[in-house]
Each structure stands twice: as C-alpha cells, then as structure tokens.
Amino acid sequence: MAEKVLMKGNEAIAEAAIRAGCLHYFGYPITPQTELAAYMAKRMPKIGGVFLQAESEIAAINMVYGVAGTGKRVMTSSSSPGVSLKQEGISYIAGADLPALIVNVQRGGPGLGSIQPSQSDYFQATKGGGHGDYHLIVLTPSSVQEMADLTALAFDLADKYRMPAMLLADGTMGQMMEPVSLPEPSCHTVDKPWAVTGTKMQRPHNIINSLYLQPEELEQTNLARYERYKEVEANETRWEEYLMDDAEIAVVAFGIAARVSRNAVNAARKEGIKAGLIRPITIWPFPKAPIAAAADKVKAFISVELSMGQMIEDVKLASECKKPVSLVSRCGGIIPSPDQVLDAIRKSAGGNE
Amino acid sequence: MTTELLIAGFGGQGVLFAGKCIAYKGLFEGRELSWLPSYGPEMRGGTANCSVILSDEPVGSPIVSEPDVLIAMNLPSLDKYEGAVKPGGTILVDSTLIERKVERTDVRVCYLPATKLAADMGAPTLANMVMMGQFIKVSDAIKMDGLEDAMKKVISAKHADLLELNVKAIQLGYGYEA
C-alpha cells in the first residue's frame, strides 16, 4: 500500500483522476469544490494535460462531450447550481453513449442556496436531471479515501458501460482532510472502436450523435441502452453494511450522513438497541437487495439525509413499504447531529428503551 | 483513545494551520484522524475554526460539536464554544487576547499568554504554535517525539527557513506551566 498522505477530499479526487489517466479537465470555479479545479490548474500543465477554465458550466460540459467522443478520459466538476447548468450536456453525453466523469460537491439549494454541505441533489443525480430516458452511474464517497478510490472506479465503469458517471459528494467531503493512500497510476486500455480519432481512410466514419429522427431507431437505441443499464444494476451495485446481522433498526445513509449515522448506531448499541447501518455506495444503481432483505428482519428503517427527504423514496420502494420508514434530516447546509439520529433510533425501537 | 479537538480564533491566527500540524503529527504516529475546517461566510470577520479528531479507531463523523479540548485563540471563540466542551474536558486560553476567565467549573483550564510568549521570541504570529505545544502537553493525543519530521511535511519548501522557529514555538508552549 502506498504511503498515506493528508489531503482534502477535493484534491484527492483531482489526483486520483490524473492517476486514472484523465488528462482533460474542463470546469468553472464554484465553492465548495474549487480546490479540485485549482489542483488541476496547477498539475495539468506539468504533465502534458489540459486544464481549461471555460466561460461557463455549459461550455465546460460540452467540452467534456467533445473529448469524450475521442475516447480520452475526461471530467468536469462543480457544485449544485453549476451542475444544474450542465444538465443539458449530460443528457447529450448519455444520449451519445459516451463515458465521462462529472463531480458534484453539493451545497445547499435550491437556487444559489448556500455554500455549506448538502445532499439535496439526490433526485437530480439519480432520477434524470436532464431530459430523456437515461441514467448515470452515481457513486457517493463517505471518506477522503473513497473520494480517490471511487474516482478511479467511476472512470472504469464509465468506460466499461459507455455511460457518464457521477461522483456525488458534499461540501464536508470536499473540504475535510483525512489520511489517504492514493491509487497507483493505471494505464487504462479499454478498446474504444467507436471513438472519433480519424479514419486514416481505412475505416468507415464513426459518428457521435444523440439525434435520431426515426422514432423506431431512437426506440431501439433506448432499449439497447436499457439492456446495458440492467447489466450495471446486476453487476455494479455497491453498498456497505455495518452491524446489520442482528439489527432491528436499519439506518440508511450515504456520504457525510453515513458518518454521522455510524456514530449514532454505535451509541444506540451501547444503550442495548440493536441498530445497524446500510450505506449505499452507489445510489444509481440503488442497493435494493440489502434493503429488501432487511425489510424481512428489521422493525423499522430510518433514512438520514441532508435534504428534505429524497433517498427515503428509494428506501420505501426497495423495502416495498413492509416496515415503517422515517426521516432524519437537516437541510440548507446543516448536518444532522449524531444525537438527532440516536433520538430517531430510540423512537423507532419503541419499548426497547 | 479518541481526542476531539476544536481550535477557534480570528481568521489569520493560523487556526487551520495549527490543526493541520496536529493532524500531520497524528498521521506520523499512525493514528486515525480527520481535519475539517470551517469555510465560507464563517471565515469572514467571524471566528474561523477547525475540527480535528485523533483516534485509534476509524473516525465516524468528522464534525466536533462537543470537544474534549478547546483551543480558544480569541474572546468570541471562547464565548461561542465554552459551553460546548465535554464535562471533564480541557480549555486552552490565549490569555494575552482573552481577559476573562472561563466560567465553567467542570473543565480543566490552562491559561497561557501565547501571543505574548510568541512575541517575546520575535514571532508574534506563532501564538498558534505555542498553543499547539501546550495541547501536546496536556492532551496526550500526540507526542513531541518526531515533531520536526511532521512539521517538515506541513511547512512547504518555500518556507523551510521558518521550520526551526515553528518548532521552537511549539517547544515553548510545551514547556509552559499554565
């Protein structure tokens, strides 16, 4: 294992992306992800890469679209309002079946909102965001180590399934420092016969496009894409379970909310309440299986979120509402406290106190 | 053992930097740790603060709301966080800048004139390092051994000439009997 260094989450993403062979970065500064762009601005010129601060988020995502068409690894990053601006481009990239990485270090919303941490872009990340039938692979890091590891994974998955991936973090994850062991530089060698790299007069043209004027053709393209999405759901759903074996109360939380919830689960255990934690690492595909399994064993679910309650809908769907699902939330840039989660656990546990 | 530390002061007092030095020392000792700064509007005009957690186990939430140790570098910080410190915890007060006494009676308090001590050694901006030295002494969270190696990691090559002075300020704080 490589030597551990202290890094901010935003910087860990940038360094991990470079080590994953991403030499093209396009972005526009916004708090709380600015360190990512700053790191790229400093490093890319030294390693023969491209850092370009575009005139807007819209320009940046379309530059990503362009490079993605050539098969090169490429990324952009922003925070909530900026990611809203990128949605048109993201839909085009998904419609053209291209791999790319979009990082969203979320802040409070809607509108310009605040610059403090939030998870209120869950719907946008998992349910579309842009127009049309499409998905992103959405990974949710909950440590600086995962900021690095999931960045590398996101590039691999995007290449493998020819679709854009999103790293959905939040202001805390971006700003905090933790020891991180950076992945070794990897040479990605995925064959990309679809890439637009010049025909050398030896093959037919590759065309990157998301426009299909024949309805049947568009339908077939969408059906084929959804076959691929099925594979992603079957093979790439990721989550972590903590003390779930004998759990009676299942807390579901990702990112910073999972860190807070883990403290609360530990505190509940000390009080003799059998609490456990299911931490989605991908939120699309959503880990339905562990939640469905838990629904047959636990008394209740608690969804902990930095939003008005968005993931809770997926928890209800996955558990088929077999058990009550309650919400612990703060929004606007505020993080729920472990005590707030603990109170909800006590309440759900009822007579166990 | 887990130590949850909150360092708070004005922007420019090196609150985040002191936290970073402590975090790096923890890293060198193989501890689990997290460092979380305040950012944005809190930094402008008000109090800057920084949460550091050092532990033998993986760190859960990186947010310190009830610190074991509070380092208060100015009066607004003491006013804001005095009540949050865990009973039995410790408050380190820069008594050059904070004239009042701590009101709590269920915590250990160390008053040290960090800004004056730093000024007397010719480096008035190193009050943060003096406080760090005292923190090492009273908290047992990190050790003095190998301090210089850790500080080398934090102080960039550009400022290498300041390494010795920083280490000296930490030693000064460590040696002070509060």
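Protein chains get the first letters and strands the later ones, always in sequence-line order, with residue 1 at the start of each. Atom set for the values below is all heavy atoms of this structure, side chains included, hydrogens, waters and symmetry mates excluded.
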Within 6.0 Å of CD in A:Gln53, more than 12 heavy atoms from elsewhere:
yes

Taking only residues two or more places apart in sequence or in another chain, which ones pass salt bridge (Lys or Arg N to Asp or Glu O under 4.0 Å) with B:Lys168?
none

Could you tell me whether B:Lys137 and B:Glu177 make a salt bridge, using a distance below 4.0 angstrom between a side-chain N and a carboxylate O?
yes

Taking the basic N atoms (NZ, or NE/NH1/NH2) and the acidic carboxylate oxygens, is any pair closer than 4.0 Å for A:Arg262 and B:Glu57?
no

Checking heavy-atom separations under 4.5 Å from chain A, one finds in residues 26-33 of chain B B:Leu27, B:Leu33

Residue from A:Met177, A:Glu178, A:Met176 scoring the most non-hydrogen pairs under 4.5 Å with chain B is A:Met177

Hey, is B:Arg100 close enough to B:Glu82 for a salt bridge, meaning N to O under 4.0 Å?
yes

Using non-hydrogen atoms only, which part of B:Val59 is less than 4.5 Å away from chain A: side chain, backbone, both, or neither?
both

Non-hydrogen atoms of chain B under 4.5 Å away: do they reach the side chain of A:Pro117, the backbone, both or neither?
both

Passing option when A:Val103 is tested against A:Leu168, A:Ile13, A:Thr76, A:Asn10 for side-chain contact (heavy atoms from CB on, under 4.5 Å):
A:Ile13

Please determine whether a side-chain nitrogen of the Lys or Arg among B:Glu66 and B:Lys86 lies less than 4.0 Å from a carboxylate oxygen of the Asp or Glu.
no

Check the pair B:Cys50 / B:Val52 against side-chain contact (heavy atoms from CB on, under 4.5 Å), numbers first and verdict last.
CA-CA 7 Å; B:Cys50 156; B:Val52 181; 3.9 Å; yes

So what's closer than 4.5 Å to chain A heavy atoms on B:Ser65: side chain, backbone, both or neither?
neither

With a 4.5 Å cut-off on heavy-atom pairs, point out which of A:Pro338, A:Ser142, A:Pro32 contacts chain B the most.
A:Pro32

Is it the side chain or the backbone of A:Thr172 that comes within 4.5 Å of chain B heavy atoms, both, or neither?
both

For B:Asp149, is there an ion pair with B:Lys153 - N to carboxylate O distance below 4.0 angstrom?
no

